[in-house]
Amino acid sequence: MDKKIQSILSDLYKIEPKLKESEKKLIQIIEALLEAKPDTKFDQAFAQNLKTKLIQNKPTTKSFNFGFMRKITYVISGMAGAFVLVFAGYFAMQNGFISGISSKESKMLAFEPNIVEVGENAFGNLVNEQESTGLGGNRTTQETASQSPQPVESEDSAHPATAKIISSSDNAVAESTGAESSSSETQFSEIKTSSSTVTGPAFMPPYQPTIYKYTYEGDDFSSLLKDEKVDVLRKAKGNLEKNAVLDFINNFDFGLVNISKFSDLYLQNISVAEDHEFGYTIFADFENGNISINQNWLKWPQCDQQCWNTRKSLTLEDLPEDSTVIKATDAFLQEYGIDTSVFGKPVINKYWLRDMASAKLYGYEPYVPESISVTYPLMINSQEVYYDSGTITGMDVSYDIRLSKVTGLYNLSGNDFESSKYEAVTSKDDIMKWIEKGGWQSYPIAYEQVEGSKPVEIKVGSPKLGYMKYWNYRANENNELLIPALIFPITQKPEEDVYFYKDSLMIPLAKEFLEQTPEPFYGIMESVPPTKIQ
Amino acid sequence: MSTSEQDLILNCQKGDLSQFGELYTIYVRKIYDFTYYRTQHKETAEDLTSQVFTRAMEKIKLYDNTKGSFSSWLYRIAKNAIYDHFQSSKFVSNIDDIWDLRTSENIERDSDTRLKLEKIEEYLKTLKPDQREIIIMRVWDGLSYKEISEILNKSEGSLKVAFARAISKIRDDSTLAMLILIPLLINLKIHG
């Protein structure tokens, strides 16, 4: 007898033992009821669409409604003078000229995703020409993005050429956070000093040519490939809403600033600094649509030469608990009115941990970072966005371990997109071939031709749907695209291999990507000798 | 409720509604099926499911875990949405559920579902609405008595009694039907 029927009967007999006499009849009735249970025709596409709508249109009672304000922006663009007056008014309030309004009552800064549908294939070819011809490719989204005004994480790479960069003395080893990859000169010097604080013998192990063999060990993912078209998103430029940003800036304490002098200027960007101990500098770039926050270096304690000479490097024991760091970054965002509802659960970047196993193996002092980077993952249509290297993207907040303070915020930008349908990958076999290649970013480097190459097996698990951030160049214009993609987690990798950095493989689902046949790339084949870090 | 689900709810209540998507993923199928069993129409069920989650998202701050599970809270929203749907429908007079429809009344139902249910419909129609509800919740929705008690705000004991009575009634009615039907069939065979 079916367990469900048994359970129902058991309950019945406890209430009415006499019913057992009609057990045969009761079984027939319950079977008939179960048999008549309708097929509900549940539609996964409906469920996904509803989810998207819910997340996009979630109540915004707490947050500033960016979509609404965007429309107003079109009307008031060019009226920078007006908002400057408002801004100046705020400063008057802050300094007691107008009383009774708390600065912390300002609205939260929220960048709700807003997606506008356009025609099919509206963005032209998705794949950059260099990559489609297989010449000089492997220019990653992160390399590209680092040239844009928006600070991004500087990600190391599995390639030996990049390995050289990792082991060079002018860069942090593994903990290259958004903060450290900023173009700020002062920050750059910080990185140099950070790496110079490593004491004792610190060596990167020699790079050995390696043949990575990728093996898929997950479930059947054919159900994720049923759509004939995928929606590729293109980010709108300059989509920062000025009034909202100014509301946000009002959360900081600048003292009395007379910015009315700037009222006749077209507002391209604004940079303002808090004039007190541990104050911050806020930079809002309206043309490129992003905001960053840094330390106001004049107001933070600095370590002079003598300090650096005597300063002990951090050890693993100095690292705070993850929860302590998240609590601090959450509090910072709350205090300065940044709505986190468009982001996923924060994750602490621990790329520097890659070095630990290697340090143990090769007997050198492991690198412990001075600061920790927390990423609040960007969520678009309830899905996460990854760089093509397999690293999650989002708003980055950096936390200084010695000072126990948040030191900066990066990658906070508007989320207006256009959406265009492109032909999708529907063949599981095509995907499997790209898994064997190591995902989209990896080129089939011909390591087999190098004497002494060692084979290493990498295991890959079941994928999830998400987006791959990709920079597209057309006619001297850069566009940030979000390509629907399958994200395959790497479930087993060589722990001692610091040159293998990936946590996930990215396979874009726009067919054009998987139609590329890049040639093997030989340009970075030479083995890297051991290099002292400091 | 699992700890992670509690965390998701708490975070949503704190304003981090991006995590509502995960709650949605856990419950969308259950809520959709719940609405479908009671409307028997795909588009209506989808519309009601949309209403349920929209309301849940708006009101999640009001959810109190001391008063029952999150799933029961969602089912209650769904039940109210279904009730409102039938109450406001211009095609039917006031009815509590789809089984109350009179033959003269017409409402959109999926034809395959209608055919499949023909066999048991006559028996379910003879039950009181609350008896039908318990049977559907227990047999089709697969809910426990505890969950049903939270949704309907009734004691588990009274629900078990009501379920036993409903099944007994179907048994008696079907037996009676057979008693009437068998002589009829025999008569037809003799004279046919």
Side-chain angles (χ1 to χ4, degrees), chain A residues 4-5 7-9 11-16 18-19 22 25-26 28-44 46-55 57-63 108 110 113 330 334 339-346 376-379 381-383, chain B residues 7-8 11-12 14-22 24-25 28-29 32-37 40 42 45-46 49-50 53-54 56-60 110 112-114 116-121 123-124 135-136 138-140 142 144-145 157 160-165 167-168 170-172 174-175:
Chain A
K4 190 167 186 179
I5 297 174
S7 163
I8 291 170
L9 286 176
D11 284 338
L12 279 174
Y13 299 154
K14 280 178 198 163
I15 297 296
E16 190 61 75
K18 276 187 179 177
L19 282 172
S22 331
K25 184 77 185 167
L26 294 178
Q28 283 175 349
I29 291 168
I30 297 165
E31 278 178 345
L33 285 167
L34 285 169
E35 198 182 314
K37 182 176 168 176
D39 167 19
T40 62
K41 306 170 190 66
F42 181 72
D43 183 352
Q44 285 288 356
F46 152 75
Q48 185 58 44
N49 288 339
L50 176 56
K51 188 175 183 179
T52 304
K53 282 180 193 168
L54 283 169
I55 300 300
N57 301 321
K58 58 184 177 288
T60 53
T61 49
K62 173 188 162 198
S63 309
M108 301 285 277
D330 278 350
Q334 179 66 33
D339 188 350
T340 54
S341 64
V342 299
F343 299 101
K345 268 188 175 179
Y376 288 73
L378 175 62
M379 302 296 288
N381 293 333
S382 307
Q383 293 174 355
Chain B
D7 288 344
L8 291 172
N11 289 334
C12 288
K14 286 176 190 168
D16 182 6
L17 288 172
S18 63
Q19 303 205 10
F20 190 82
E22 291 183 52
Y24 170 88
T25 303
V28 64
R29 179 68 196 261
Y32 170 83
D33 286 353
F34 185 87
T35 57
Y36 186 87
Y37 295 144
Q40 297 165 24
K42 183 174 183 287
E46 287 180 351
T49 304
S50 174
F53 282 100
T54 304
M57 199 169 182
E58 287 169 355
K59 306 288 182 190
I60 195 160
D110 293 336
D112 58 329
T113 303
R114 189 200 300 253
K116 195 172 184 184
L117 291 174
E118 267 181 351
K119 192 177 171 187
I120 62 156
E121 191 161 358
Y123 298 112
L124 289 178
I135 285 193
I136 292 170
R138 187 83 182 102
V139 181
W140 287 358
S144 67
Y145 282 113
K160 286 177 181 174
V161 170
F163 185 81
R165 284 182 184 163
I167 290 286
S168 300
I170 295 174
R171 178 200 60 186
D172 295 345
S174 61
T175 306

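Reckoned from all heavy atoms, side chains included, excluding hydrogens, waters and symmetry mates. Naming convention: chains lettered A, B, ... in sequence-line order (proteins, then strands); numbering from 1 in each chain.
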inquiry  = Less than 4.5 Å to any heavy atom of chain A: does that hold for the side chain of F53(B), its backbone, both, or neither?
reply    = both
request  = Can you tell which part of L34(A) gets under 4.5 Å to a heavy atom of chain B, answering side chain, backbone, both or neither?
outcome  = both
ask   = Is any side-chain heavy atom of Y24(B) closer than 4.5 Å to a side-chain heavy atom of L50(A)?
value = yes
request  = Check the pair R171(B), I29(A) against side-chain contact (heavy atoms from CB on, under 4.5 Å), reporting the backbone distance first and the verdict last.
outcome  = CA-CA 7 Å; R171(B) 178 200 60 186; I29(A) 291 168; 3.6 Å; yes
task = For residues G15(B) and S341(A), report the shortest heavy-atom separation together with the two atoms involved.
result = O-CB, 3.5 Å
ask   = Using non-hydrogen atoms only, which part of Y13(A) is less than 4.5 Å away from chain B: side chain, backbone, both, or neither?
value = neither
task = Check whether A45(B) gets within reach of chain A through its side chain, its backbone, both or neither, counting any heavy atom under 4.5 Å.
result = neither
Point-to-point distance, once rounded to the nearest 0.5 Å, from CD1 of I170(B) to CG of L33(A) = 5.0 Å
ask   = Is there a side-chain contact between S7(A) and R138(B) (heavy atoms, below 4.5 Å)?
value = yes
note = Here the gap from L54(A) atom CG to L17(B) atom CG, rounded to the nearest 0.5 Å, amounts to 10.0 Å
query = Do T113(B) and K41(A) pass the side-chain contact (heavy atoms from CB on, under 4.5 Å) test, and can you show the C-alpha distance, the side-chain angles, and the key distance before you say yes or no?
reply = CA-CA 10 Å; T113(B) 303; K41(A) 306 170 190 66; 3.2 Å; yes
request  = Indicate yes or no: at least one non-hydrogen side-chain atom of Y37(B) is less than 4.5 angstrom from one of K37(A).
outcome  = yes
request  = Could you grab the distance from atom CD1 of I135(B) to atom CD1 of I30(A), nearest 0.5 Å is fine?
outcome  = 9.0 Å
ask   = When you check the side-chain N and O atoms of D33(B) and T40(A), is any donor under 3.5 Å from an acceptor?
value = yes
message = Can you tell me which of Q19(B), K160(B), R29(B), K42(B) forms the most heavy-atom pairs within a distance under 4.5 Å of chain A?
response = R29(B)
ask   = To the nearest 0.5 Å, what is the distance between CD (E16(A)) and CZ (R165(B))?
value = 8.5 Å
Flag side-chain contact, heavy atom, 4.5 Å: D43(A) against E46(B) = yes
remark   = Separation between CG (D11(A)) and OH (Y145(B)), nearest 0.5 Å, reads 5.0 Å
task = For residues Y36(B) and F42(A), determine if any side-chain heavy atom of one lies less than 4.5 Å from a side-chain heavy atom of the other.
result = no
query = Among S382(A), A32(A), A47(A), which residue forms the greatest number of heavy-atom pairs with chain B at distances under 4.5 Å?
reply = A47(A)
ask   = Taking the side chain as C-beta and beyond, is there a heavy-atom pair between I8(A) and F163(B) under 4.5 Å?
value = yes
remark   = When rounded to the nearest 0.5 Å, the distance separating OG of S22(A) from CG of D172(B) is 8.0 Å
query = Going by heavy atoms in the side chains, are N11(B) and K345(A) under 4.5 Å from each other?
reply = yes
request  = May I ask you to name which of V139(B), T49(B), T35(B) has the most heavy-atom pairs under 4.5 Å with chain A?
outcome  = V139(B)
